[in-house]
There are 2 protein chains.
Amino acid sequence: MAANRRPTLADVAREVGVSAKTVSRVLNGDGPVSPRTREQVLAAVAELGFQPNLMARNIRVGGPDTTIGLVVPDLGNPFFGAVAGGIEDTVRDRGLTLLMGSSAEDPDRERDLTEKFLARRVSILMVVPSAGADHSHLRTHRATGLPVVFIDRPAVGISADSVVSSNRAGAHDGVAHLIAHGHRRIGFVGDLPAKLYTRRERLSGYRSALREAGIAHDRSLVTSAHDQHGAADATSQLLALADPPTALFAGNNMVALGIVAELSRSKRKDIAVVAFDDLPLAEALEPALTVVAQDPEEIGRTAAATALARLDGDRSRTRSRTITVPTRLIVRGSGERPAPAMQGAASN
Amino acid sequence: MAANRRPTLADVAREVGVSAKTVSRVLNGDGPVSPRTREQVLAAVAELGFQPNLMARNIRVGGPDTTIGLVVPDLGNPFFGAVAGGIEDTVRDRGLTLLMGSSAEDPDRERDLTEKFLARRVSILMVVPSAGADHSHLRTHRATGLPVVFIDRPAVGISADSVVSSNRAGAHDGVAHLIAHGHRRIGFVGDLPAKLYTRRERLSGYRSALREAGIAHDRSLVTSAHDQHGAADATSQLLALADPPTALFAGNNMVALGIVAELSRSKRKDIAVVAFDDLPLAEALEPALTVVAQDPEEIGRTAAATALARLDGDRSRTRSRTITVPTRLIVRGSGERPAPAMQGAASN
DNA sequence: ATGAAAGCGCTAACAT
DNA sequence: ATGTTAGCGCTTTCAT
C-alpha cells in the first residue's frame, strides 16, 4: 500500500514493447500509428493507470501552459465569483482552464500568487489588485508577450489593460436618484482602505452629484467600513449625528449588507438607501433595495476577450487601454422614501 | 517588441560567469555561496527579469507540486467560496497554494478538470462532485498516495474521505421547528436533479420529521428547482394547490432566494419558511428568515486537515471516512408564523 | 510506421 | 565555494 511511483511514458512503452515516442504519438495523435499498436498502447495505458505529466510536456514544448491565472481578493465574495464565471465561459472553447487563487486583499500574498502563476507559465494573468499593491514587477512579463489584465481596479506601476465598472457615473446616478427624491443630507459609507480605487471613484461620483444639485459637501457624512459589521457601526454613528442624514449611499455590497442589517435592527424605515452593486435578496426587502447594479459576468467576459486578443497577437493597440463596463440603476423603492420635508408635507 | 524568449538559469549563469548550479543554489538557498557571487547572481536575475520555471523544477525534483486542486460546481455560489476560504486558511502555512476551477455541475467538465489538476501533479485533490459523476478513475491516483477528499457530497465509485454537512439532521430540525409551531402541511422545495445527494439527504430529514409528528407524507408537497427562478415557480404552484401548504422548507440557498422572492412578490406573509443554508440578508427580511445554517469554512478546514493528515502519511485509518460537520438551527422568526388553525384561534 | 538521440530548464549527486 | 555530469518525463528531429 506504499506510494508507488507513477508510471511514465517509458513504463508504458516497455510494457507494450515499443518506443516511448510511439506511445507519445498515440496519446497526442500526431504521427501515424498502426491500429494494432494503438490498441495495445491504449490498453497498457489503462492497465498501468498512466497519466501524462503535463509539466514535463510543457517544459519540452516550451510554450505557455493552457491555463489562465486569476487572483482575487476574496473567494467568498460572489462578485468575483461571477467575474470568474464570465471569464470561464469565454475561454473554455479555447481549451484554456481558469485557475483562481486568493490574495486575501494582501499585497504580499497577491505578489506571491502572481509569481506562482507566472512560474507555472500561465497563458494569461488576470489580477484584481489589492489595495497598496504595486505591479511594476510584471513589466518584464508583459515584455515577453504575456497578456496581463487587471480587473475591477487599475494597475499601479505598470501600463496594462484593465476592465472596470463605471464607478463614478454609477455612483453619481445613484446619488442623483436620492436627490431627485428630495434628499439633501446623504451619507456615504465606502470601502476601506480609503485609498482603494473603487472607493475613490464612487466617492467622486457622490460628490459630483451633490455639486450639481448645489448641495454643500459635508465631510461628516462620509464614512468607511471594511466589512458588514463595520458598516453597521458606521450607519448607527451617522444616524446619531446632530443633523443626521435622511439617506445613505452604500459604496459596495458588503457595506450595503451592513447598512440594511442595521436599519432593520433599529427599525429605521425612514432612511432611504441606494447601494452600489446588486444583492441577492434586494427585491425581497421592504422596501425593496434600489441599487446601482454592476455586471460582473460582462466584466469577466470583457477581460477574457481582451486578453485573448492580445494572446492572438493584437498589436493594433500597442498602448494599453481601460475598458469601462456600464452600471445600471435599478429602482426598487428604497431610494424613494420621503425626505423629512416631504414627509412633513404629506402628513399635513 | 516581439515576444522575447524568457531567460533561463543558464542565461543568468552566463551573464555572471558562473555555472547554472551556482545560480540554482543562490535562488534556492541550499548550498554555500560566497556573498559576492550571490550579489552578482541576484543582480543578473533582476536585470534579466529571470523567473524560475517551476514546471522544470518540479519535474526534476519529482515530488508533487505545491498546489492543491479544488473543483467546485459553481464559482458564483458563496457557499463554495466560503469552503475555499476555509481550505486556504488551513493549508497556507504549509506553503500550499489553492487552485480552484469550476465544473459547472457537469460530470464531463469535472473529469476534465480533475485530469488537468492531476496532470499538473497537485499535492491534494478536492472535489465537490457533480450530480452523475463517477470517480472510479481516481482509484489509481489514490494508490499512488495522492490525498483525495470529496466535499459536500460523497464520491461515487471510489472509497475516499469526504466531508459533508449534517444534512439529514439539519433538515429534520428545520422541519421539526415548523411542526412545533403548528404547521402540518409543509412544502419541500429541493435541489435538482432529484438524485443529488444533498437533496436526498435533506428530503430524508424532512420525511423523518413528519413521520415523528405522525403527519402523513403527501407527495404533492414535494417539488424541486435548480435555480432561483424555478424555485419561485415551484412556490407559486405549491400555493395554488387545493389544499396548499402553510409552510415551506427550502432545500438550499438558491431555492431559498426563489421562495422568499416569490412570497414577497405575492405578498404572502402568512407562509412560514425555513431554509437550509444561511443567506446574507436573512436577518433583514420581514420576518427575518429562520435557517438551518451550514458552516462552510469549517467544512473547508476539516477537509484540508484531513487531506494534510493523509499527506503526512496518516495510515492510522486505512479505510476512508466521512466526516459530518454539524448544522445549526438559527431561529429568526419566519418559521413561527401561525398556521391557519392557530391564526384562527388568535383572531377569535 | 517506428525508433534513437538530443534536449527543454532545472536540480541531485558527485566531483574539485 | 563552485563546477560537471547525469537525468527528471516528455517531445523534437532525424533516421530507418
Side-chain angles (χ1 to χ4, degrees), chain A residues 3-42 44-45 48-66 115-116 118-122 141 144, chain B residues 3-42 44-45 48-66 115-116 118-122 141 144:
Chain A
N4 290 314
R5 193 178 60 82
R6 278 172 198 279
T8 71
L9 255 199
D11 294 326
V12 177
R14 198 175 312 116
E15 178 87 6
V16 181
V18 294
S19 78
K21 178 62 213 181
T22 299
V23 178
S24 170
R25 275 196 267 259
V26 172
L27 263 32
N28 294 293
D30 39 66
V33 184
S34 86
R36 198 174 126 60
T37 314
R38 144 171 281 104
E39 269 181 45
Q40 291 179 306
V41 167
L42 259 24
V45 164
L48 297 180
F50 169 76
Q51 295 281 143
N53 185 328
L54 262 207
M55 296 191 289
R57 173 175 219 282
N58 283 331
I59 194 194
R60 177 68 252 235
V61 174
D65 193 15
T66 59
E115 298 289 356
K116 282 206 167 116
L118 294 167
R120 285 174 182 76
R121 299 297 187 258
V122 293
H141 294 282
T144 68
Chain B
N4 291 314
R5 195 178 59 81
R6 277 172 199 279
T8 70
L9 255 199
D11 294 326
V12 177
R14 198 174 313 116
E15 177 88 6
V16 182
V18 295
S19 76
K21 178 65 207 179
T22 299
V23 178
S24 169
R25 276 195 267 256
V26 171
L27 264 33
N28 295 293
D30 39 68
V33 184
S34 85
R36 197 171 126 60
T37 314
R38 142 172 283 106
E39 269 180 44
Q40 290 179 307
V41 167
L42 259 23
V45 164
L48 297 180
F50 168 78
Q51 294 280 144
N53 185 327
L54 260 206
M55 296 192 287
R57 173 175 217 282
N58 282 333
I59 196 197
R60 174 68 253 230
V61 174
D65 192 14
T66 59
E115 298 289 356
K116 282 206 167 113
L118 294 167
R120 286 175 181 74
R121 301 297 188 259
V122 293
H141 293 281
T144 68

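Labels below follow one simple rule: chain letters A, B, ... track the order of the sequence lines, proteins then strands, and each chain is numbered from 1.
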Task: Shortest non-hydrogen separation from R121(B) to Q51(A) and the atoms involved - done: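 In terms of heavy atoms, the two residues are closest at NH2-O, 3.0 Å.
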Task: Minimum heavy-atom distance between V12(B) and A44(B), given as atom pair plus value - done: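 Closest approach of V12(B) to A44(B): CG1-CB, 4.0 Å.
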Between atom [atom1] of [X] and atom [atom2] of [Y], what is the distance when rounded to the nearest 0.5 Å?
| X | Y | atom1 | atom2 | answer |
| --- | --- | --- | --- | --- |
| L27(B) | R38(B) | CG | CZ | 9.5 Å |
| R25(A) | K21(A) | CZ | NZ | 5.5 Å |
| R57(B) | L9(B) | CZ | CG | 10.5 Å |
| R14(A) | L48(A) | CZ | CG | 10.0 Å |

[N] [atom2] sits how many Å from [X] [atom1], rounded?
| X | N | atom1 | atom2 | answer |
| --- | --- | --- | --- | --- |
| L27(B) | dC10(C) | CG | P | 9 Å |
| R60(A) | dC10(C) | CZ | P | 14 Å |
| I59(A) | dC10(C) | CD1 | C1' | 6 Å |
| L9(B) | dA12(C) | CG | P | 12 Å |
| N53(B) | dT11(C) | CG | C1' | 13 Å |
| K21(B) | dA12(C) | NZ | P | 5 Å |
| R121(A) | dC10(C) | CZ | P | 7 Å |
| R25(B) | dT11(C) | CZ | P | 11 Å |

Open item on the list: By nearest heavy atom, map P52(A) and V33(B) onto DNA chain D; which one lands nearer the 5' end?
Closed with: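 Residue closer to the 5' terminus by nearest nucleotide: V33(B).
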Task: Upstream residue (5' side of DNA chain D) when S34(B) and G62(B) are each assigned their closest nucleotide - done: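 Counting from the 5' end, the first nearest nucleotide belongs to S34(B).
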Open item on the list: So that I can tick it off, tell me whether R5(B) and D11(B) are bridged by a salt bridge, with the cut-off set at under 4.0 angstrom between side-chain N and carboxylate O.
Closed with: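 The answer is yes: the pair qualifies as a salt bridge.
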- [ ] Output, in order, the C-alpha distance, side-chain angles, deciding distance and verdict of side-chain contact (heavy atoms from CB on, under 4.5 Å) for R6(B) and H141(A).
- [x] CA-CA 9 Å; R6(B) 277 172 199 279; H141(A) 294 282; 3.2 Å; yes
TODO: Classify the nucleic acid contact of N28(B) as base, sugar-phosphate or nothing, counting any heavy atom under 4.0 Å across all strands shown.
DONE: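 Sugar-phosphate, backbone atoms only, no base.
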TODO: Would you indicate what N58(A) reaches in the nucleic acid, counting non-hydrogen atoms under 4.0 angstrom: base, sugar-phosphate, or nothing?
DONE: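 Nothing: the residue N58(A), judged by heavy atoms under 4.0 Å, touches no strand.
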Task: Outermost nucleotides of DNA chain D that come under 4.0 Å of a non-hydrogen atom of chain A - done: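 Listed 5' to 3', the contact boundaries are dG9(D) to dT12(D).
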Any [X] side-chain nitrogen or oxygen under 4.0 Å from OP1 or OP2 of [N]:
| X | N | result |
| --- | --- | --- |
| S24(B) | dC10(C) | no |
| T22(A) | dT2(C) | no |
| T8(B) | dG9(C) | no |

TODO: Rounded to 10°, tell me the angle between the two end axes of the helix from dA1(C)-dT16(D) to dT16(C)-dA1(D), each built from five pairs.
DONE: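 Inter-axis angle at the ends, rounded: 30°.
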Open item on the list: Using side-chain contact (heavy atoms from CB on, under 4.5 Å), reason through D65(A) and R120(A) one step at a time and then give a plain yes or no.
Closed with: CA-CA 7 Å; D65(A) 193 15; R120(A) 285 174 182 76; 5.5 Å; no
TODO: Answer yes or no: is there a donor N or O on one side and an acceptor on the other, between the side chain of N53(A) and the main chain of M55(A), under 3.5 Å?
DONE: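 Such a contact is found between N53(A) side chain and M55(A) backbone.
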